[in-house]
Enquirer: 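After the structure tokens below, expect a handful of questions from me.
The model shown is predicted, which means the values in this text are computed figures rather than measured ones. Residue numbering restarts at 1 for every chain, and letters A, B, ... go by the order of the sequence lines. Basis for what follows: all heavy atoms, side chains included, without hydrogens, waters or symmetry-related copies.
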Amino acid sequence: MDIQEELKSAIQRAVSELYQQESGEVSLQPTKKEFDGLYTFVTFPLTKALRQAPAQIGQAIGNWLVANSEIVSGFNVVQGFLNISIADAAWIEVLNDIAGNPSFGQLASKGKSVMVEFSSPNTNKPLHLGHLRNNFLGDSVSRILAANGYDVVKTCIVNDRGVHICKSMLAYKLFGNDETPEQAGMKGDHLVGKYYVLFDKAYKQQVEEMVGQGMPKEEAEKKAPLMLEVQQMLRLWEQGDPETVSLWRKLNDWVYTGFDATYQSIGVSFDKTYYESNTYVLGKEIVEEGLQKGVFYRKDDGSVWIDLTDQGLDQKLVLRSDGTSVYMTQDLGTTDLKYQDFHNDRQIWVVGNEQDYHFNVLFAILRRLGRPYANNLYHLSYGMVDLPTGKMKSREGTVVDADDLIQETTEAAAMAADDAAKGKLDEFTAAEKASLFHMLGLGALKYYLLKVDPQKRMQFNPAESVDLHGNTGPYIQYVHARIQSILRKATEADIALNGNISDTQLDEIEQQLVFLLSQYPQRVKEAGDDFAPSYLAQYAYELAKTFNQFYDKLPILKETDPVKLQTRLVLAKCIGETIQKAMGLLGIEVPQKM
RNA sequence: GCAUUCGUAGCUCAAUUGGAUAGAGCACCUGACUACGGAUCAGGAGGUUUGGGGUUCGAAUCCCUACGAGUGCACCA
């Protein structure tokens with residue numbers, strides 16, 4: 001039973017019977033805590049059409065509902081707000097429905113597919129905090145879309161070629177002495193990152209020396225021997241020079257091994273990985289096509305452009321005068337390629353907001369080219385992650401490394417367990433403990449990054465991110481463990497959960513909990529519509545918090561009335577399952593014990 | 001300069017998309033049957049939603065404006 005839908009249609013009937021008018025779409029909102037009731041109907045919008053005072057309308061509809069709807073048990077009117085209370089019997093029916101539906105919250109298949117592209121790292125350095133926000137968002141949005149009934153394809157485009165990786169390659173060639181990750185005792189991505197930093201140091205030094213000898217800085221930056229060598233290396237790579245290519249392979253392989261370990265550690269995977277070294281030449285045919293269609297135009301020097309000034313955008317280059325492609329050309333090509341590979345109904349990119357303009361232009365071009373998919377593209381843009389000390393800058397060494405961060409949060413969880421778990425983990429093996437602490441540490445981190453609106457720039461406070469109290473991942477994980485403990489005790493006491501609860505009187509907080517549970521599918525939908533994991537983070541917290549209040553207020557196992565005992569156990573079980581599902585959509589696992 | 005995003009408690013974030021007395025957590029105070037798991041719960045204090053104007057029954061939310069912050073405006077990716 002869907003109480004909300006029934007209420008809506010009941011209100012529509014009320015309006016048409018009482019006033020002989022159509023109310024149109026009825027929208028309900030949760031009642032504020034200080035008032036009685038769980039659903040609120042706002043009557044202000046009806047005042048004009050019905051020519052009555054808001055409170056009068058509320059009274060009339062309220063009376064009608066109590067008289068004509070079985071699910072409505074009472075109401076009160078405050079100004080123009082009609083607060084509606086629902087009968088216990090209806091809540092129990094809802095709870096029985098939820099308890100009997102294993103796929104509660106999984107919405108019906110849409111018969112449509114969506115591609116989510118995220119992560120998309122460069123291969124010259126390890127993943128850092130900013131990447132984590134990206135990965136967590138992309139992974140979570142993929143799960144949310146799947147729960148919304150889409151077939152989801154997760155992709156990653158690895159930027160494995162270009163000047164940046166040549167910098168690491170050159171530094172390795174000059175200073176590396178054939179060092180391997182094993183010898184260095186480092187993950188491959190960290191080792192390659194080390195040489196990237198070394199390059200930058202050596203390069204800066206060269207530039208400084210040249211400036212000291214009187215050369216303007218800009219000129220020195222271009223003419224520094226190291227930079228010239230990097231560019232030569234890139235040319236050699238493009239020509240397929242065997243030595244260069246083999247060095248490139250070696251370093252990239254190390255990086256991939258390192259990335260794989262990180263991805264596995266954070267629980268992220270992809271259905272398909274594209275490599276830019278394979279796709280960077282794509283898009284030139286599209287430029288031809290655009291010229292023929294008159295979407296693009298060629299300048300005298302041979303470069304190709306599109307004029308988007310009528311859309312408030314600029315003129316944009318799509319092909320250089322020497323015939324080589326730019327970023328935009330490649331993205332046109334890969335977008336087409338991805339569509340040819342999977343024919344997804346929608347494509348989503350999880351990319352930082354510094355590329356907002358790029359995606360505006362990309363989508364505009366694809367629309368003008370008449371691509372059939374062009375109206376179903378979406379850039380999930382997210383803000384940067386700042387440190388309390390300011391902005392992260394990789395060259396200044398102020399980045400927070402992803403692997404280090406996960407290790408720190410895991411250690412924090414382990415330390416907290418020492419004084420909090422108090423013997424509950426005694427039967428755990430060392431490996432089980434390690435995996436639990438990883439689950440908790442990662443849960444803290446993911447929750448911390450996902451609970452805020454993606455669009456907003458956010459601040460990362462290391463101390464807060466490992467906090468396990470209050471509005472945090474571990475708080476919610478704790479509630480799940482707590483519920484499992486209760487259910488275990490029930491089993492030990494031979495209390496069977498027969499699932500179907502008979503009518504009984506519910507406490508206010510129990511109603512509140514069933515109400516929250518019943519909201520879950522709608523939250524899943526909203527999170528999918530808005531690509532907003534934060535909705536589910538908040539939902540999980542709200543559910544966990546309300547459960548704790550319930551737990552504190554009412555006995556469960558100590559309850560003597562068998563019907564109430566049964567009701568509370570089923571309620572607890574459903575809350576545990578829903579917490580697990582909601583957290584699962586954030587990519588966060590929940591423990592049986594902690 | 002142009003474009004764009006943002007500005008909410010001391011700090012980090014919410015606010016069901018225009019609804020009621022703007023809510024949580026952290027930090028700070030005060031309390032809770034020797035815990036059905038205290039990684040908890042109850043309470044206190046903390047706000048002119050950056051300032052100013054407008055729209056309307058009603059604005060943190062929409063419009064205008066000033067101020068402040070971020071990002072983008074490469075024949076880089």
Enquirer: Does A:D310 have any salt bridge (Lys or Arg N to Asp or Glu O under 4.0 Å) partners at least two apart in sequence or in another chain, and if so, which?
Expert: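 So A:D310 forms a salt bridge (Lys or Arg N to Asp or Glu O under 4.0 Å) with A:R368.
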Enquirer: Please tabulate, one pair per line, each protein N/O and nucleotide N/O from nucleotides 54-57 of chain B that are separated by under 3.5 Å, including the distance.
Expert:
none

Enquirer: Report the distance from atom CG of A:D467 to atom P of B:A39, rounded to the nearest whole Å.
Expert: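 My rounded result for the distance is 13 Å.
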Enquirer: For A:E411, what residues pass the side-chain contact (heavy atoms from CB on, under 4.5 Å) criterion, not counting sequence neighbours?
Expert: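 side-chain contact (heavy atoms from CB on, under 4.5 Å) check on A:E411 returns A:Q407.
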Enquirer: Starting at atom CG of A:L554, determine the distance to atom C1' of B:A42, rounded to an integer number of angstrom.
Expert: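 Going from A:L554 (CG) to B:A42 (C1'), I get 15 Å.
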Enquirer: Let me check I have this right: for RNA chain B, each base becomes ., (, ), [, ] or |, based on Watson-Crick or G-U pairs with both distances under 3.5 Å. What is the full string?
Expert: (((((((..((((.....[...)))).(((((.......))))).....(((((..]....))))))))))))....
Enquirer: Assert yes or no for the condition that the ring centre distance of A:W237 to A:Y280 is strictly below 6.0 Å.
Expert: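 Ring centres of A:Y280 and A:W237 closer than 6.0 Å.
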Enquirer: With the criterion being N/O to N/O and under 3.5 Å, what pairs connect the protein with nucleotides 20-23 of chain B, and how long is each?
Expert:
residue	atom	partner	partner atom	Å
B:A20	N6	A:T40	OG1	2.8
B:A20	N6	A:N83	OD1	3.1
B:A20	N1	A:N83	OD1	3.1
B:A20	N1	A:N83	ND2	3.3

Enquirer: Does the structure show A:Y327 stacking with B:C76, if we require the centres to be closer than 5.5 Å and the planes to be within less than 30 degrees of parallel?
Expert: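 Aromatic stack with B:C76 absent for A:Y327.
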Enquirer: Within the 4.0 Å heavy-atom criterion, would you say A:A463 contacts the bases, only the backbone, or no part of the nucleic acid?
Expert: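 Nothing: the residue A:A463, judged by heavy atoms under 4.0 Å, touches no strand.
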Enquirer: Of the options B:C75, B:C13, B:U16, whose atoms approach the side-chain atoms of A:D301 most closely?
Expert: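 So the side chain of A:D301 is nearest to B:C75.
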Enquirer: N/O contacts under 3.5 Å, protein versus nucleotides 2-9 of chain B?
Expert:
residue	atom	partner	partner atom	Å
B:U5	O3'	A:Q455	NE2	2.7
B:C6	OP1	A:Q455	OE1	3.4
B:C6	OP1	A:Q455	NE2	2.9

Enquirer: With sequence neighbours excluded, what pairs up with A:P45 under the side-chain contact (heavy atoms from CB on, under 4.5 Å) test?
Expert: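 By the side-chain contact (heavy atoms from CB on, under 4.5 Å) rule, A:P45 matches A:V42.
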Enquirer: Please, which pairs that meet salt bridge (Lys or Arg N to Asp or Glu O under 4.0 Å) have at least one residue in residues 447-459 of chain A, sequence neighbours excluded?
Expert: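 Applying salt bridge (Lys or Arg N to Asp or Glu O under 4.0 Å) to every pair that reaches into residues 447-459 of chain A, excluding sequence neighbours, yields A:D386-A:R457.
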Enquirer: For residues 484-497 of chain A, which residue pairs pass the salt bridge (Lys or Arg N to Asp or Glu O under 4.0 Å) check, not counting sequence neighbours?
Expert: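 Not a single pair qualifies under salt bridge (Lys or Arg N to Asp or Glu O under 4.0 Å).
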Enquirer: Can you check whether A:H469 has a side-chain N or O nearer than 4.0 Å to OP1 or OP2 of B:U40?
Expert: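 Yes.
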Enquirer: Test of understanding: with side chain to side chain donor-acceptor pair (under 3.5 Å), list the residues that count as partners of A:Y520, not counting sequence neighbours.
Expert: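 For A:Y520, no residue satisfies side chain to side chain donor-acceptor pair (under 3.5 Å) once neighbours in sequence are set aside.
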Enquirer: I need the CG-C1' distance between A:L536 and B:A14, as an integer number of Å.
Expert: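 That distance rounds to 15 Å.
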Enquirer: Would you say a side-chain N or O of A:Q549 is under 4.0 Å from OP1 or OP2 of B:A42?
Expert: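 Checking A:Q549 against B:A42: at least one side-chain N or O falls below 4.0 Å of OP1 or OP2.
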Enquirer: Assess the pair A:F81 and A:F41: is the distance between their ring centroids shorter than 6.0 Å?
Expert: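 Ring centres of A:F41 and A:F81 not closer than 6.0 Å.
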Enquirer: If you apply the rule ring-ring contact (aromatic ring centres under 6.0 Å, His included), what do you find for A:F550 with A:F547, and how did you get there?
Expert: CA-CA 5 Å; A:F550 160 70; A:F547 176 84; 5.7 Å; yes
Enquirer: Under 4.0 Å, heavy atoms only, any strand: does A:M594 hit a base, just the sugar-phosphate, or nothing?
Expert: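 Here A:M594 touches the bases of the nucleic acid.
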Enquirer: Side chain of A:E354: nearest nucleotide among B:C75, B:U17, B:U71?
Expert: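 Shortest atom-to-atom distance from the side chain points to B:U71.
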Enquirer: Counting only side-chain N and O atoms of A:Y475, is one of them less than 4.0 Å from OP1 or OP2 of B:C41?
Expert: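 So the side chain of A:Y475 is within the cut-off, an N or O lying under 4.0 Å from OP1 or OP2 of B:C41.
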Enquirer: Using the side-chain heavy atoms of A:N548, tell me which of these nucleotides is nearest: B:U40, B:C13, B:A77.
Expert: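 The closest nucleotide is B:U40.
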Enquirer: Under the criterion salt bridge (Lys or Arg N to Asp or Glu O under 4.0 Å), I'd like the reasoning laid out for A:K33 against A:E508: C-alpha separation, chi angles, the key distance, then a yes or no.
Expert: CA-CA 11 Å; A:K33 275 182 191 159; A:E508 204 180 320; over 6 Å; no
Enquirer: Atom CG of A:D331 and atom P of B:C76: how far apart are they, to the nearest Å?
Expert: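 Between P of B:C76 and CG of A:D331: 16 Å.
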Enquirer: Taking OP1 and OP2 of B:C75, is either one under 4.0 Å from a side-chain nitrogen or oxygen of A:R298?
Expert: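 Answer no for this pair, as no side-chain N or O of A:R298 is under 4.0 Å from OP1 or OP2.
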Enquirer: With A:K338, which residues qualify under salt bridge (Lys or Arg N to Asp or Glu O under 4.0 Å), at least two apart?
Expert: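 Salt bridge (Lys or Arg N to Asp or Glu O under 4.0 Å) check on A:K338 returns A:E117.
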Enquirer: Quiz question: going by heavy-atom distance under 3.5 Å, is there a donor-acceptor pair between the base of B:U17 and the side chain of A:Y535?
Expert: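 Check passes, donor-acceptor contact within cut-off.
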Enquirer: With sequence neighbours left out, what residues match A:D331 under side chain to side chain donor-acceptor pair (under 3.5 Å)?
Expert: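 A:D331 satisfies side chain to side chain donor-acceptor pair (under 3.5 Å) with A:H358 once adjacent residues are dropped.
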